Every structure is written in structure tokens, then in C-alpha cells.
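Okay, so here's the structure we're looking at.
Numbering of ligands and ligand atoms starts at 1, following listing order. Just so we're clear, the structure is a prediction, and the values are computed from it rather than from any experiment.
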Amino acid sequence: MTRRLVIVGNGMAAVRLVEQLVALDTDWDVTVLGDEPHPPYNRILLSAVLEGTHRVDAITLRSAQWYADAGVTLRTGARVLDVDTERSEVMLVDGERIGYDRLVLATGSIPTLPPIRGLIQLDGSLHPDVHAFRSLADCLRLDAAVRDQNPQRAVVVGGGLLGLQVARALSIRGVATEIVEGADHLLSRQVDVAAGEVLTRDLKRLGTEVYTGARAIKLTPDGLRLDNGYTLATDLIVLTAGGRPSTALARRAGLEVRRGVVVDEHLASVTDPRIHALGDCAQFGDETTGFVGPAWDQAGVLARHLAGVSSTWPGARNVARLRATGLEVAVLGNPEQAEGEVVSVSNPIKGTHRKLVVRDGRLVAATLIGDLSRVGLITQLYDRGTRLGRTEPGDLLLPERRHAPAELPDDVEVCACAGVTAGAIRSCSGLDEVRSRTRATTGCGGCAPTVRQLLGVDSAVPVAAGT
Ligand SMILES: Cc1cc2nc3c(=O)[nH]c(=O)nc-3n(C[C@H](O)[C@H](O)[C@H](O)COP(=O)(O)OP(=O)(O)OC[C@H]3O[C@@H](n4cnc5c(N)ncnc54)[C@H](O)[C@@H]3O)c2cc1C
């Protein structure tokens, strides 16, 4: 008898899970229920849509036709309201019930609203000048505001990865943009003060002012008031002050939830083994992730598990790449908390900062800012836990001996999001095959220049996500 697999959420983790299940040719009858009205899209490239470098259709990851051809039922605009674990059914907003044998929660995360007075109007809606930036709908609303209202100034609240992306996109659109960050430096969750300062300097060079150690407290008719007494005059405000796993469904279903839905090594809820969770909404041990790399790795593990192939989740290999024009950032592991010896080189004038954390001769974390020419090699050493020679950590940072992509060894990882090596890229006949067979370039897109060079493709040919 066919077994019914229901996936709630149709974001980046869910689409990858379906791709993997299709590739494994399993006998699951798969239904995907996503509340957004469109087929899945590359969330990372929303800032590219805002910038104007990508059209909306170019960030679609899989079309409705692809699902139909694969025999997967895709329902968009279908919000799941509750899970009835007794009857093994999910309930949609309109009261429809859909039964499952296995359920996967891939509900992602939701933005947190910073405590700023005046953001919410009396009717409960966001002030018209205030924007979130999480979904395609948010992106299109902000895009329309930039196009139709011709704003001169914008303030981005939150100096994390997302804030940097949005600020870059708005400045590229010609809006004078300022970033307000409560911590004492940018990307404070990922990098150290020196790296944050390099980024601040880079942003200033690119025309974006940065206020760190300052919190926005009130939206007034004069602008956004900060707790240091300043008021920033502004025409629009974008909130990028972090998010948290979307766990309301799991909580109501009685599953164990701490920060995320608590899962075991099979990504199954520790409360109900017939319910899995992956991506931003899941928590394994003490760890929630929040990046596409681990979400896609989890999708591979869960697909193999559901296909009956032995597969367990070892914990995240957190590799985060920032997609923002003019800023190069990669963070491996947790450089701020990892214990070990630190080798670092910072050149604020050039806008580069590289830091490796080495424990027992192995790379356990790294920060690379301003120059990602070694990111493939460094990621490989990190992933494999390769024992480094005594001088190797220093050599990896200095001098800048660029590896021409044509010389990259076959086993060097080029795409950190999908874990694709230079050899796998070389074995493809062109960009289309790279996208469809390996999924390289369809995540953060940071590997696109290297992929083009490996294939000997003209850099004028756009590498867009999706098929
Ligand atoms: C603007 C932006 C830029 C980013 N940039 C980067 C980057 O540069 N690098 C990086 O590694 N990561 C980045 N991320 C993070 C990355 O996008 C996420 O880690 C990744 O999308 C996680 O995938 P997911 O499927 O778990 O969640 P999501 O992709 O968020 O998908 C979850 C989906 O579930 C839907 N859903 C939720 N509840 C329900 C329900 N009850 N019923 C039906 N559907 C539901 C949501 O609407 C959403 O469509 C970025 C995120 C954002 C928002």
C-alpha cells in the first residue's frame, strides 16, 4: 500500500527534500502544503530581486509543472492550522483534513518584531513605512515602495546577515541607507569586533552609514528615535532584527519544542517518531541552524531515512555565505565560541579579515571577509577535519595566492550550500546541467563565478536559480 507523506511548508528545506525523494524514487505519495501563494523560490536571492539584478521568475526553485511531472501534489496558498496526532491528520485553514502516515514540518522561521513604539498601528497592522523582509510578498511590497514612493532615505534595523543584504540592495537602488545595530559591531552573532569593523568600513565605502551600540526605540513623525538621543530622518524602515523557529504548529500538537522542534538523529520529533522536522524550525541537541547549507544537508539525510537507507544527522556543519553585492562574507562553524588557537589577519584598509580557529591541528571554525578566494579549500579542510601542517594555517591566510579555478583539484568543494565539488561541476556539460543535476548555484549563488570559470562559460551569461 502506498504510504502518505505530508510536508508542511514549501521553503528551501522542503523543496530539497522533495528533490531528494524524487531522485531516490521512493514509493511515498507526497503532498506538499505551503502557505505562500507561489511555487518554492530561493529566499536568499530576495535581496537580488530587490536590487533589480534578478527577476522574480528567475528565483523560482521548482515550477508547479515540475511537481506535477514528478507525481508530487503541490498545494500553494494552503496554510496548515493544526496537526491532529491522534487521527494522523493535518487541518487546513478552511477546515479540510488531510491524513498522513508520516508528517514533515518544514515551517522555517518567523521574524521577531523589535520593541520599537509606533511600528504597529491601532488596527494591528504595520505602519505603512515599515517593512519586514522574509518572504517574496515582503520583498515585492518593499520593491513597490521603492519604485512608487521614491524614498530618499531608509533605515535598516538589525546589522546581521539579512540587514546587510537589504541595506546593500537599497543603496544599489539609490536610497541613502543607514543600519542601526544594538550590539557593538555588525554580524555580532557570527564574527568578532575586528571583522565587524572591516564590514562597517566596507559599508561606509559603499555609501551606507552604520550605527552600532544603538537601539531604535520609537517611530515618530520626525523619524526613528534611537536610545542615544539621535533621531534618524527616514522615508522607510526595514526590520531585519532576527527571527525564531516557527514552532506554533508543533507546540499545539504537543511535540517537544525548546527554541525549535526537538528532533533526534533521524530528524524525528522526540515526542512522536512519525513527525519529522527540518530546516530553520528544527532543533537537534542545543542547535538550531538558520542557514540553507544545513537545511539542505538535513533534507538529504531525511530523504534517505524515509527511503529506508540508513542515514543519521550528525549535527550541523554550519557554513554561512552572505549574498550581498559588494560584500564577501563566509563563516564556518562558530568562530566566536569555538575553542582553539586563533590565526588571523585583518586589513581594514583593503577590507579583508580572515580568521581560522585551529584545535589539535584541525580547523574548527573560520571567518573570511572581503576575499573568498580560499573559501573552497578552507571549507574542505573544515569539513573533513584534515590535520594541518604547522605552517599551513598561516599559509592559508597569507599571501593571497589565488587558485585559478581551472587548477582546483576535483575534490575541492565549490558550492557550500549543496556540497558540490569542482570535479562534479567539471563533469557537467553546461550551466543548466550544473543547476539541475548538482543544484550548485541555486543556493546563495556565491559559487556562480567559480562555476562559470570551471565550465569556461562567458561571465555575461546569468546564473539564475531554478529550473
Ligand atoms: C531574506 C533572507 C535572506 C537569507 N540569506 C541567506 C544567505 O545568504 N545564506 C544562508 O545560508 N541563508 C540565508 N537565509 C536563511 C535561509 O533562507 C533559510 O535558512 C532557509 O530558507 C531555511 O529553509 P526552511 O525551508 O527551513 O524555511 P523557509 O525557507 O523559511 O520555508 C518555510 C516555509 O514554510 C511556510 N510555512 C510556515 N508555516 C506554515 C504552515 N502552518 N502551513 C503551510 N506553510 C507554512 C512558510 O511560509 C515558508 O514558505 C536567508 C533568509 C532570508 C529570509
Using a 3.5 Å distance criterion without hydrogens, assess whether the side chain of N10 forms a donor-acceptor pair with backbone atoms of L33. no
re atom 42 (N) of ligand 1, the protein heavy-atom contact at minimum distance is V80 N, 3.0 Å
Give a yes-or-no answer on whether the side chains of R134 and S109 include a donor-acceptor pair shorter than 3.5 Å. yes
Note the single closest protein heavy atom to atom 27 (O) of ligand 1, along with its residue, its atom name and the distance in Å. G108 CA, 3.2 Å
Give the residue and atom name of whichever protein heavy atom lies nearest to atom 1 (C) of ligand 1, and the separation in Å to one decimal. L162 CD1, 3.1 Å
By ring-ring contact (aromatic ring centres under 6.0 Å, His included) - contacts of H127 (at least two apart): none
The ring-ring contact (aromatic ring centres under 6.0 Å, His included) partners of Y41 (sequence neighbours excluded) come to H38
Of the protein's non-hydrogen atoms, which lies at the shortest distance from atom 31 (O) of ligand 1, and what is that distance? G11 CA, 3.2 Å
Give me the residue, atom name and distance of the protein heavy atom closest to atom 37 (C) of ligand 1. T107 O, 3.3 Å
Around atom CG of D286, are there more than 12 heavy atoms from other residues, nucleotides or ligands closer than 6.0 Å? no
Considering only NZ, NE, NH1 and NH2 on the basic side and carboxylate oxygens on the acidic side, decide whether D371 and K350 come within less than 4.0 Å. no
Could you tell me whether some N/O pair between R43 and ligand 1 is separated by less than 3.5 angstrom? yes
For G290 and ligand 1, does the shortest N/O to N/O distance drop below 3.5 Å? yes
Counting only nitrogen or oxygen atoms and a 3.5 angstrom limit, does L322 reach ligand 1? no
Counting heavy atoms only, which part of A78 comes closer than 4.0 Å to ligand 1: side chain, backbone, both or neither? backbone
Side chains of S346 and H353 only: does a donor on one sit below 3.5 Å from an acceptor on the other? yes
Within less than 4.0 angstrom of ligand 1, does A106 place any heavy atom? yes
Using 4.0 Å as the upper bound for N to carboxylate O, is an ion pair formed by E51 and R168? no
Using a 4.0 Å cut-off to any heavy atom of G279, which atoms of ligand 1 qualify? 26 (O)
Identity and distance of the protein heavy atom lying nearest atom 19 (O) of ligand 1: D280 OD1, 2.9 Å
Step through the shown structure and confirm whether more than 12 heavy atoms of other residues, nucleotides or ligands are within 6.0 Å of CZ on R244. no
Ligand 1 N/O within reach of R134 N/O, cut-off under 3.5 Å: yes
Got more than 12 heavy atoms from elsewhere within 6.0 Å of CZ, R3? yes
L81, D35, L33: member with heavy atom nearest to atom 35 (C) of ligand 1: D35
Have a look at ligand 1 and work out which part of E36, if any, has a heavy atom under 4.0 Å from it: side chain, backbone, both or neither. side chain
If we only count N/O pairs under 3.5 Å, is G34 in contact with ligand 1? no
Salt-bridge test for E336 and K355: reply yes if a basic N is under 4.0 Å from a carboxylate O, no otherwise. yes
Counting from 1, what ligand 1 atoms have a heavy atom of R321 closer than 4.0 Å? 7 (C), 8 (O), 9 (N)
Interfacing atoms of ligand 1 (cut-off 4.0 Å, heavy-atom, V8): 40 (C), 42 (N), 43 (C)
For ligand 1, find out whether one of its N or O atoms is nearer than 3.5 Å to an N or O atom of V292. yes
A student comparing G243, A169, A13 should find that the heavy atom closest to atom 25 (O) of ligand 1 comes from A13
Numbering the atoms of ligand 1 from 1, which are under 4.0 Å from a heavy atom of F291? 10 (C), 11 (O), 12 (N), 19 (O)
Under-4.0 Å heavy-atom contact with ligand 1, by part of Q165 that carries it: side chain
Is R153 paired with E209 through a side-chain N to carboxylate O contact shorter than 4.0 Å? no
For atom 13 (C) of ligand 1, what is the closest protein heavy atom, and at what distance to 0.1 Å? I44 CG1, 3.6 Å
Within the side chain of S47, is there an N or O that forms a donor-acceptor pair under 3.5 Å with the backbone of A169? no
Within 4.0 Å of some non-hydrogen atom of L249, the atoms of ligand 1 are 41 (N)
Aromatic ring pairing H266/H305, orientation class (parallel under 30°, perpendicular over 60°, tilted between): parallel
L161 and ligand 1 - part of the residue with a heavy-atom distance under 4.0 Å: neither
To the nearest 0.5 Å, how far apart are CG in L46 and OG in S135? 7.5 Å
A295 to ligand 1: N or O pair under 3.5 Å? no
